[in-house]
Amino acid sequence: MADKRQVAIRYCGGCNSRYDRVALVKRLSSFFPEVEFVNALPGVPYPAALVVCGCPSRCANTSDLAVPAGRLIPLNGWEDLLPAKEKLTLALQEQEVLTLTHQQVLEILPHRPPMLFIDEVSRLVPGEEVVASFLARPDLPAFAGHFPGSPVLPGIYTIEAVAQAADILMMSAQRYAGTLPLFMGVREATFRRKILPGETLDIHASLLEEKPSRAIAFCRGQVFVDGTLAADLEVRLAFR
(Lines give C-alpha, C1' and ligand atoms only; values in the text may rest on other atoms or scores of the structure.)
Protein backbone atom coordinates (compact mmCIF):
# COMPACT_ATOMS: atom_id res chain seq x y z
CA MET A 1 0.00 0.00 0.00
CA ALA A 2 1.34 3.42 -0.94
CA ASP A 3 2.22 5.83 1.84
CA LYS A 4 -0.60 8.16 2.74
CA ARG A 5 -0.28 11.85 1.96
CA GLN A 6 0.21 13.90 5.08
CA VAL A 7 -1.75 16.98 6.09
CA ALA A 8 -0.33 19.06 8.91
CA ILE A 9 -2.19 20.25 12.01
CA ARG A 10 -1.11 23.32 13.93
CA TYR A 11 -3.06 23.95 17.14
CA CYS A 12 -3.24 27.17 19.07
CA GLY A 13 -2.17 27.26 22.72
CA GLY A 14 -5.61 26.11 23.87
CA CYS A 15 -5.80 28.69 26.63
CA ASN A 16 -9.45 29.63 26.01
CA SER A 17 -10.94 26.99 23.73
CA ARG A 18 -14.69 27.31 23.16
CA TYR A 19 -15.07 23.87 21.52
CA ASP A 20 -13.39 20.46 21.41
CA ARG A 21 -10.62 21.07 18.86
CA VAL A 22 -9.48 17.45 18.73
CA ALA A 23 -13.03 16.21 18.08
CA LEU A 24 -13.44 18.66 15.21
CA VAL A 25 -10.17 17.56 13.59
CA LYS A 26 -11.17 13.92 14.05
CA ARG A 27 -14.51 14.57 12.34
CA LEU A 28 -12.81 16.35 9.43
CA SER A 29 -10.25 13.58 9.05
CA SER A 30 -13.06 11.02 8.72
CA PHE A 31 -13.84 12.53 5.29
CA PHE A 32 -10.29 11.78 4.11
CA PRO A 33 -9.35 8.17 4.95
CA GLU A 34 -6.54 8.30 2.36
CA VAL A 35 -4.80 11.10 4.30
CA GLU A 36 -2.66 10.99 7.44
CA PHE A 37 -3.14 14.00 9.71
CA VAL A 38 0.05 14.81 11.63
CA ASN A 39 1.32 17.49 13.96
CA ALA A 40 3.00 20.17 11.86
CA LEU A 41 6.78 20.28 11.77
CA PRO A 42 8.67 23.43 10.75
CA GLY A 43 9.93 23.59 7.20
CA VAL A 44 8.12 20.49 5.88
CA PRO A 45 6.32 21.19 2.56
CA TYR A 46 2.92 19.68 3.36
CA PRO A 47 0.22 19.91 0.67
CA ALA A 48 -2.01 21.63 3.23
CA ALA A 49 -2.20 22.51 6.91
CA LEU A 50 -5.12 22.86 9.31
CA VAL A 51 -4.78 25.88 11.57
CA VAL A 52 -6.92 25.01 14.59
CA CYS A 53 -7.79 27.85 16.95
CA GLY A 54 -10.08 27.56 19.94
CA CYS A 55 -11.11 31.18 20.23
CA PRO A 56 -11.36 34.37 18.12
CA SER A 57 -7.82 35.48 19.02
CA ARG A 58 -6.46 32.92 16.52
CA CYS A 59 -3.06 32.75 18.16
CA ALA A 60 -1.72 29.67 16.33
CA ASN A 61 1.71 30.48 14.89
CA THR A 62 2.07 29.52 11.23
CA SER A 63 5.20 31.49 10.31
CA ASP A 64 7.41 28.38 10.27
CA LEU A 65 5.07 26.25 8.13
CA ALA A 66 6.29 25.69 4.57
CA VAL A 67 2.75 25.62 3.24
CA PRO A 68 1.41 28.10 0.65
CA ALA A 69 -0.86 30.74 2.13
CA GLY A 70 -3.85 29.52 0.15
CA ARG A 71 -3.54 26.05 1.70
CA LEU A 72 -3.45 27.14 5.33
CA ILE A 73 -6.98 26.08 6.23
CA PRO A 74 -8.58 27.68 9.33
CA LEU A 75 -10.65 25.70 11.81
CA ASN A 76 -12.11 28.09 14.37
CA GLY A 77 -15.22 26.13 15.32
CA TRP A 78 -17.74 23.56 14.10
CA GLU A 79 -19.12 26.11 11.65
CA ASP A 80 -15.86 25.76 9.71
CA LEU A 81 -16.18 21.99 9.22
CA LEU A 82 -17.79 21.95 5.76
CA PRO A 83 -15.86 24.96 4.37
CA ALA A 84 -12.63 23.31 5.56
CA LYS A 85 -13.66 20.04 3.90
CA GLU A 86 -14.14 21.86 0.58
CA LYS A 87 -10.83 23.72 0.86
CA LEU A 88 -8.92 20.59 1.79
CA THR A 89 -10.46 18.66 -1.11
CA LEU A 90 -9.21 21.35 -3.50
CA ALA A 91 -5.78 21.49 -1.83
CA LEU A 92 -5.30 17.75 -2.25
CA GLN A 93 -6.12 17.70 -5.95
CA GLU A 94 -3.14 16.76 -8.08
CA GLN A 95 -1.52 19.75 -9.78
CA GLU A 96 0.96 19.98 -12.59
CA VAL A 97 4.22 20.78 -10.82
CA LEU A 98 7.21 22.12 -12.74
CA THR A 99 10.91 22.29 -11.95
CA LEU A 100 13.38 24.77 -13.44
CA THR A 101 17.08 24.44 -14.13
CA HIS A 102 19.35 27.43 -13.75
CA GLN A 103 19.13 28.08 -17.48
CA GLN A 104 15.34 28.04 -17.33
CA VAL A 105 15.45 30.49 -14.41
CA LEU A 106 17.48 32.84 -16.62
CA GLU A 107 14.84 32.53 -19.34
CA ILE A 108 12.19 33.90 -16.95
CA LEU A 109 14.05 36.41 -14.78
CA PRO A 110 15.71 39.52 -16.25
CA HIS A 111 18.15 39.62 -13.28
CA ARG A 112 21.79 38.73 -13.81
CA PRO A 113 24.82 38.43 -11.50
CA PRO A 114 25.71 40.00 -9.18
CA MET A 115 21.99 40.64 -8.56
CA LEU A 116 20.66 37.17 -9.32
CA PHE A 117 19.64 35.29 -6.17
CA ILE A 118 17.89 32.20 -7.54
CA ASP A 119 19.83 29.11 -8.65
CA GLU A 120 17.14 26.51 -9.32
CA VAL A 121 13.45 25.84 -8.75
CA SER A 122 12.38 22.50 -7.26
CA ARG A 123 8.63 23.16 -7.28
CA LEU A 124 6.55 25.56 -9.33
CA VAL A 125 2.82 25.88 -9.83
CA PRO A 126 2.59 29.01 -12.02
CA GLY A 127 0.61 31.79 -10.40
CA GLU A 128 0.25 29.88 -7.13
CA GLU A 129 3.45 28.73 -5.42
CA VAL A 130 7.17 28.21 -5.88
CA VAL A 131 10.10 26.65 -4.00
CA ALA A 132 13.51 27.87 -5.13
CA SER A 133 17.08 27.70 -3.84
CA PHE A 134 20.10 29.96 -3.68
CA LEU A 135 23.59 29.08 -2.45
CA ALA A 136 25.15 31.95 -0.52
CA ARG A 137 28.55 31.41 -2.06
CA PRO A 138 31.48 32.48 0.13
CA ASP A 139 32.86 34.64 -2.71
CA LEU A 140 29.70 36.78 -2.77
CA PRO A 141 31.03 40.38 -2.72
CA ALA A 142 28.72 41.43 0.12
CA PHE A 143 30.45 39.08 2.57
CA ALA A 144 33.68 41.08 2.31
CA GLY A 145 32.10 44.09 3.98
CA HIS A 146 29.18 42.60 5.92
CA PHE A 147 31.04 41.99 8.18
CA PRO A 148 34.87 41.69 7.94
CA GLY A 149 35.89 38.65 9.96
CA SER A 150 32.28 37.69 10.70
CA PRO A 151 30.42 37.48 7.38
CA VAL A 152 26.61 37.43 7.38
CA LEU A 153 24.29 37.61 4.36
CA PRO A 154 22.65 41.06 4.41
CA GLY A 155 18.95 40.98 5.18
CA ILE A 156 18.21 43.00 2.05
CA TYR A 157 19.68 40.16 -0.02
CA THR A 158 17.29 37.74 1.66
CA ILE A 159 14.38 40.02 0.84
CA GLU A 160 15.56 40.28 -2.79
CA ALA A 161 15.80 36.48 -3.02
CA VAL A 162 12.18 36.19 -1.90
CA ALA A 163 11.14 38.88 -4.38
CA GLN A 164 12.87 37.04 -7.23
CA ALA A 165 11.21 33.77 -6.26
CA ALA A 166 7.87 35.60 -6.29
CA ASP A 167 8.80 37.05 -9.71
CA ILE A 168 9.21 33.51 -11.04
CA LEU A 169 5.93 32.50 -9.42
CA MET A 170 4.05 35.23 -11.32
CA MET A 171 6.09 35.51 -14.53
CA SER A 172 5.77 31.78 -15.22
CA ALA A 173 2.05 32.47 -15.68
CA GLN A 174 1.17 33.51 -19.22
CA ARG A 175 -0.37 36.83 -18.15
CA TYR A 176 2.97 38.17 -16.90
CA ALA A 177 5.44 36.33 -19.12
CA GLY A 178 8.12 38.63 -20.51
CA THR A 179 7.25 41.60 -18.29
CA LEU A 180 9.65 43.60 -16.12
CA PRO A 181 9.16 42.86 -12.40
CA LEU A 182 9.33 45.89 -10.13
CA PHE A 183 9.70 45.65 -6.37
CA MET A 184 7.05 47.89 -4.76
CA GLY A 185 7.31 47.10 -1.08
CA VAL A 186 7.83 44.73 1.81
CA ARG A 187 5.96 44.32 5.06
CA GLU A 188 6.17 42.26 8.23
CA ALA A 189 9.73 41.15 7.52
CA THR A 190 11.23 39.15 10.37
CA PHE A 191 14.75 37.71 10.40
CA ARG A 192 15.14 34.76 12.76
CA ARG A 193 18.68 33.49 12.20
CA LYS A 194 21.91 34.54 10.51
CA ILE A 195 22.64 33.20 7.04
CA LEU A 196 26.32 32.39 6.68
CA PRO A 197 28.66 31.84 3.72
CA GLY A 198 28.14 28.43 2.12
CA GLU A 199 24.58 27.98 3.36
CA THR A 200 21.68 27.33 0.99
CA LEU A 201 18.49 29.35 1.16
CA ASP A 202 15.32 27.33 0.51
CA ILE A 203 12.88 30.00 -0.61
CA HIS A 204 9.13 29.45 -0.50
CA ALA A 205 6.72 31.97 -2.03
CA SER A 206 2.97 31.85 -2.60
CA LEU A 207 0.36 34.25 -3.91
CA LEU A 208 -1.65 36.11 -1.29
CA GLU A 209 -3.55 38.58 -3.44
CA GLU A 210 -3.53 39.81 -7.02
CA LYS A 211 -4.88 42.95 -8.65
CA PRO A 212 -4.93 41.96 -12.33
CA SER A 213 -6.19 45.32 -13.59
CA ARG A 214 -3.07 46.97 -12.14
CA ALA A 215 -0.72 43.99 -12.68
CA ILE A 216 0.18 43.95 -8.98
CA ALA A 217 0.69 40.90 -6.77
CA PHE A 218 1.16 40.41 -3.04
CA CYS A 219 3.13 37.31 -2.08
CA ARG A 220 4.08 35.55 1.13
CA GLY A 221 7.71 34.53 1.39
CA GLN A 222 9.66 32.27 3.73
CA VAL A 223 13.33 31.37 3.77
CA PHE A 224 14.53 28.17 5.42
CA VAL A 225 18.12 27.10 6.05
CA ASP A 226 18.64 23.44 6.94
CA GLY A 227 14.93 23.19 7.74
CA THR A 228 14.97 26.13 10.15
CA LEU A 229 12.99 29.28 9.40
CA ALA A 230 15.46 32.09 8.76
CA ALA A 231 13.10 34.82 7.53
CA ASP A 232 9.47 35.44 6.71
CA LEU A 233 7.91 38.43 4.97
CA GLU A 234 5.39 39.67 2.43
CA VAL A 235 6.36 41.44 -0.79
CA ARG A 236 4.41 43.56 -3.24
CA LEU A 237 5.36 43.42 -6.91
CA ALA A 238 4.32 45.14 -10.13
CA PHE A 239 4.78 43.77 -13.65
CA ARG A 240 5.26 46.21 -16.51
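Because the structure is a prediction, the values reported are computed rather than measured.
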**Report entry** Side-chain touch I73/D80, heavy atoms, less than 4.5 angstrom
**Finding:** no
Report summary line: Between the CD atom in E210 and the CZ atom in R175, the distance rounded to the nearest 0.5 Å is 4.0 Å
Query raised in the report: Could you state the interatomic distance from NZ (K85) to CG (L75), rounded to the nearest 0.5 Å?
Result: 13.5 Å
Query raised in the report: Any idea how F117 and F134 line up, ring-wise: parallel (<30°), tilted (30 to 60°), or perpendicular (>60°)?
Result: perpendicular
Query raised in the report: Hey, are the side chains of F183 and L237 touching, using non-hydrogen atoms and a 4.5 Å cut-off?
Result: yes
Report summary line: Rounding to 0.5 Å, atoms CZ (F224) and CD1 (I203) come to a distance of 11.5 Å
Query raised in the report: Roughly how far, to the nearest 0.5 Å, is the CD atom of E120 from the NE2 atom of H102?
Result: 8.5 Å
Query raised in the report: Going from OG1 on T228 to CG on D202, what distance comes out if it is rounded to the nearest 0.5 angstrom?
Result: 10.5 Å
Query - Min side-chain heavy-atom separation K194-E199 under 4.5 Å - result: no
Query - By side chain to side chain contact (heavy atoms under 4.5 Å, CB included) - contacts of R5 (at least two apart) - result: P47, L92, E94
Query raised in the report: Among pairs that include at least one residue of residues 13-32, which meet salt bridge (Lys or Arg N to Asp or Glu O under 4.0 Å), considering only residues two or more places apart or in two chains?
Result: R18-E79
Requested in this report: Could you point out which residue of R220, R192, R193 forms a salt bridge (charged side-chain N to carboxylate O under 4.0 Å, His left out) with D232?
Outcome: R192
Query raised in the report: Would you call I168 and Q104 a side-chain contact if the rule is heavy atoms closer than 4.5 Å?
Result: no
